[in-house]
Novice: 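Below are the structure tokens for one structure; questions will follow.
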Amino acid sequence: ETGVTQSPTHLIKTRGQQVTLRCSSQSGHNTVSWYQQALGQGPQFIFQYYREEENGRGNFPPRFSGLQFPNYSSELNVNALELDDSALYLCASSLDYLYEQYFGPGTRLTVT
Amino acid sequence: KNEVEQSPQNLTAQEGEFITINCSYSVGISALHWLQQHPGGGIVSLFMLSSGKKKHGRLIATINIQEKHSSLHITASHPRDSAVYICAAINYGGSQGNLIFGKGTKLSVKP
């Protein structure tokens with residue numbers, strides 16, 4: 001059974017650019033949640049997708065958007081990158097939105 | 001004030017010591033996760049519990065819903081236990097099951 005995978009591992013972007021991060025959920029899981037973790041802080045909830053629909057959103061601006069595909073993999077898109085967007089982006093999948101979440105290794109984004 | 005508070009923020013122990021990490025929350029929750037994060041970022045789920053106590057190897061987690069408090073205990077600590085331990089509250093009251101995280105406790109176990 002394959003766990004949660006994320007790509008890329010590391011990414012460097014310039015302020016104002018756009019970025020897409022990808023997450024493959026664990027087999028059989030229909031829910032993907034995205035989190036942002038700034039250095040030295042706990043993760044913050046960005047949004048969750050359940051069966052291809054957004055199922056909740058944290059306090060992030062609209063330039064953070066997402067998508068979930070029929071195979072339940074997911075993308076996180078960030079437009080107009082700002083320096084404060086530099087962080088570790090974590091995705092987690094679960095069997096259903098009420099179940100335990102399993103985390104991927106994260107994507108480290110640096111905005112210069 | 002964070003909705004989920006952990007203490008201590010940093011903890012240094014000698015190998016073999018018994019370790020306790022505490023988590024208090026101010027929100028109504030349905031369950032609580034204890035997570036382990038190693039340098040490099042990967043997060044591993046240790047426990048999800050909604051009442052009582054769970055044990056896995058040298059790790060024990062307890063929760064008191066009435067007191068809004070949970071503890072993670074590590075018995076016979078080992079240097080490989082060195083990591084950041086994070087508690088995260090989950091509330092199933094709405095349609096979303098997102099996690100509200102504490103800031104983490106950085107544990108360093110010296111040989």
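Chain A is the first sequence line, chain B the second, and so forth, proteins listed ahead of strands; every chain is numbered from 1.
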Novice: Could you give the distance from CD (A:Gln37) to CZ (B:Phe101), rounded to the nearest 0.5 Å?
Specialist: 8.0 Å

Novice: Can you give me the closest heavy-atom contact between B:His33 and A:Glu100, atom names plus distance?
Specialist: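 Scanning both residues, the minimum pair turns out to be CE1-CG, 3.3 Å.
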
Novice: For atom CD of A:Gln44, is the number of surrounding heavy atoms from other residues, nucleotides or ligands below 6.0 Å larger than 12?
Specialist: no

Novice: Let me know if B:Gln37 has heavy atoms under 4.5 Å from chain A in its side chain, its backbone, both or neither.
Specialist: side chain

Novice: Is the number of heavy atoms from other residues, nucleotides or ligands within 6.0 Å of NZ (B:Lys106) greater than 12?
Specialist: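 No, the 6.0 Å shell around NZ holds no more than 12 heavy atoms from other groups.
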
Novice: With only heavy atoms counted, which part of A:Gln6 is less than 4.5 Å from chain B, the side chain, the backbone, both or neither?
Specialist: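 No part of A:Gln6 comes within 4.5 Å of chain B.
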
Novice: For residues B:Ile65 and B:Leu72: do they belong to one hydrophobic cluster (side chain heavy atoms under 4.5 Å, members Ile, Leu, Val, Met, Phe, Trp, Tyr)?
Specialist: yes

Novice: If you count the non-hydrogen atoms of other residues, nucleotides and ligands that lie under 6.0 Å from OH in A:Tyr102, is the total more than 12?
Specialist: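 Atom OH in A:Tyr102 is not packed in, count stays at 12 or less.
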
Novice: Are B:Ile43 and A:Pro105 packed together at the side-chain level, in the sense that at least one heavy-atom pair is separated by less than 4.5 angstrom?
Specialist: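 No, their side chains stay 4.5 Å or more apart.
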
Novice: Within the 4.5 Å heavy-atom criterion, are B:Leu99 and A:Tyr35 side-chain neighbours or not?
Specialist: yes

Novice: So for B:Leu35, is it side chain, backbone, both, or neither that comes closer than 4.5 Å to the heavy atoms of chain A?
Specialist: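 When you check distances to chain A, only side chain atoms of B:Leu35 fall under 4.5 Å.
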
Novice: According to a 4.5 Å side-chain heavy-atom criterion applied to Ile, Leu, Val, Met, Phe, Trp and Tyr, with indirect links allowed, do B:Leu46 and B:Leu32 form part of one hydrophobic cluster?
Specialist: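 Yes, same cluster.
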
Novice: Among the options A:Gly42, A:Gly106, A:Pro43, pick out the one with the most heavy-atom pairs lying under 4.5 Å from chain B.
Specialist: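 Top count of heavy-atom pairs under 4.5 Å with chain B: A:Pro43.
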
Novice: Test of understanding: clusters of I, L, V, M, F, W, Y form through side-chain heavy atoms closer than 4.5 Å, transitively. Do A:Leu81 and A:Phe64 belong to the same one?
Specialist: yes

